[in-house]
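Right, one structure below, let's go through it.
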Amino acid sequence: MNLSSLSDARLAALMSSGELVLRLGPFLVRLKADVEDLAELIRRLYGECQLESPNGISDFHLQLSKSRKPRRFFRPQARFLLDGHSPFAPFPVDHAFPLFEWGLNWCVASHAHQFLMLHSAVVEKNGTALLLPAWPGSGKSTLCAALVYRGWRLLSDEFGLIRPGTCSMLPFPRAIPLKNESIELLRNFAPQAVIGPVFPKTRKGDVAHLKAPPESLQRSAELAEPGFVIFPRYTPGHRAQLRPLAKARAFMKLAGNAFNYELLGEDGFSTVATLIRACDTLLFRYDALDEAVQTLERLVE
Amino acid sequence: MAAPEALCWERGEDESVLFDRRSGQTHLLTAVAAECLHQLQKTDLDLDQLTEVLTVRFQAEPEQVTRELIHQMLMTLRELGLITAVRDESQQSL
């Protein structure tokens, strides 16, 4: 059963009782919430996600609850809790969805050390996965969003997950957070894409979430074999251009922006080494999205 | 000198990546630095001998692989904990 098959009343009941368990890639996420409008948005952006039994074990027990402090009367807030503890400051209650998204990212980055977690978008086409590791501000999310609305499967916009000792990428498809100018850019680039409401003035500026293509959500148990590690850099005015990057340099860049490379020690080293050996390693500069997509498309034709 | 089993290598054409099991650190090494560590793992060499070996190995002109350059590189490798001492016969041991 998937999320979209629930009635509004049933979804609200499961969410308020803490019995809503979503399968998001390799994780089971239990969510309890008493925030209005959150259920509707989660259904809209994660409708194809599989529901799991509330009687089983979940990886993360999340709660989004309205703050009970006196300020709730003039500026209501929502708190994010993991296992009953609040790891960060509350958000305005009307920003509950970005709080859920960032909170879940934090949970995974802080706890899922059974995987090597690369800070990377991962997309797949024709059986070949392409890793796009990048620092914030490189245009990774925008490029990833453009690719998945030109037929690439989304594995993740944020986490390149690999089980140590293997070389296959695990999907963790989620809504893609678009920021500022990228929101309008993607509306024009992919008019068919579902984009949630704009959350203004977050710590990352204006943010709106682009729904992962339904097929990507439905195939979230299907691993992908990596063929390319490409470091993207949005460069205004620059023609789309791929350049080879020496493998040792690519290794250091990839390991350097992983969430837990050092923590995994030798397992991290050997997993990155296996990945780099299996892939072509490239630098990518681009400006226009259409040209960027066409350039990457040629790699897997 | 780090024992061979303490180090994991991932070799590239011009540069190599080295993981030090003792420190958990990962290093990017030039081909000369990587070869230098290999030579020192094989046998005990002083600075002059090492300079000569590397000059031959890389078919370099004497001014390209100088004694000073190798000395500087050894100092860096020592700072990284990859070697423990540098013996320079013309000066005091470091």
Side-chain angles (χ1 to χ4, degrees), chain A residues 109-110 113-120 131 133-135 160 162-168 226-231 242-283, chain B residues 1-42 50 53-61 64-65 69-84:
Chain A
S110 313
H113 301 302
Q114 68 271 41
F115 304 112
L116 173 67
M117 292 183 276
L118 304 170
H119 187 203
S120 174
L131 275 74
W135 295 105
I162 313 175
R163 210 176 287 281
T166 73
C167 190
S168 302
F228 297 90
V229 176
I230 296 174
F231 297 90
L242 286 163
R243 282 187 300 132
L245 176 67
K247 293 213 169 193
R249 295 265 156 177
F251 186 117
M252 298 305 282
K253 277 172 79 79
L254 193 59
N257 80 350
F259 290 99
N260 63 344
Y261 170 81
E262 289 192 356
L263 193 143
L264 293 186
E266 190 174 347
D267 280 346
F269 173 83
S270 56
T271 305
V272 173
T274 305
L275 181 65
I276 291 287
R277 265 180 247 143
C279 293
D280 288 347
T281 53
L282 302 156
L283 296 170
Chain B
M1 184 65 216
E5 58 272 18
L7 305 177
C8 300
W9 290 90
E10 184 63 19
R11 298 192 174 285
E13 285 175 14
D14 298 322
E15 294 167 315
S16 294
V17 182
L18 172 66
F19 178 75
D20 186 342
R21 288 191 172 104
R22 302 162 307 164
S23 66
Q25 290 189 321
T26 304
H27 308 288
L28 178 67
L29 299 182
T30 63
V32 177
E35 184 61 24
C36 178
L37 276 180
H38 278 295
Q39 291 298 333
L40 291 173
Q41 279 182 328
K42 280 198 291 191
L50 186 59
V53 166
L54 293 175
T55 303
V56 172
R57 169 71 182 75
F58 289 96
Q59 300 176 328
E61 297 297 325
Q64 289 177 299
V65 181
L69 202 123
I70 300 301
H71 186 263
Q72 202 171 32
M73 191 179 65
L74 291 171
M75 292 293 107
T76 304
L77 293 175
R78 192 175 72 159
E79 280 169 24
L80 297 175
L82 296 171
I83 59 174
T84 49

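Quick note on labels: first sequence line is chain A, next is B, and so on, each numbered from 1.
Of the inter-residue distances, the one linking B/Phe19 atom CZ with A/Tyr261 atom OH reads 6.0 Å to the nearest 0.5 angstrom. B/Arg21 contributes atom CZ, which lies 9.0 Å from atom CZ of A/Phe269 (distance to the nearest 0.5 angstrom).
Using a 4.5 Å cut-off between heavy atoms, A/Glu266 touches chain B through backbone and side chain atoms alike. For chain A, the nearby part of B/Ser16 is the backbone; its heavy atoms alone come within less than 4.5 Å.
Taking a 6.0 Å sphere around CD of A/Glu262, one finds it holds 12 or fewer heavy atoms contributed by other residues, nucleotides or ligands. Within a 6.0 Å sphere centred on CD of A/Gln114, heavy atoms belonging to other residues, nucleotides or ligands number more than 12.
In plain terms, the two heavy atoms of B/Val17 and A/Met252 that are nearest each other are CG1-SD, 3.9 Å.
A salt bridge is absent between B/Glu10 and A/Lys247: the closest approach of a Lys/Arg side-chain nitrogen to an acidic carboxylate oxygen does not fall below 4.0 angstrom.
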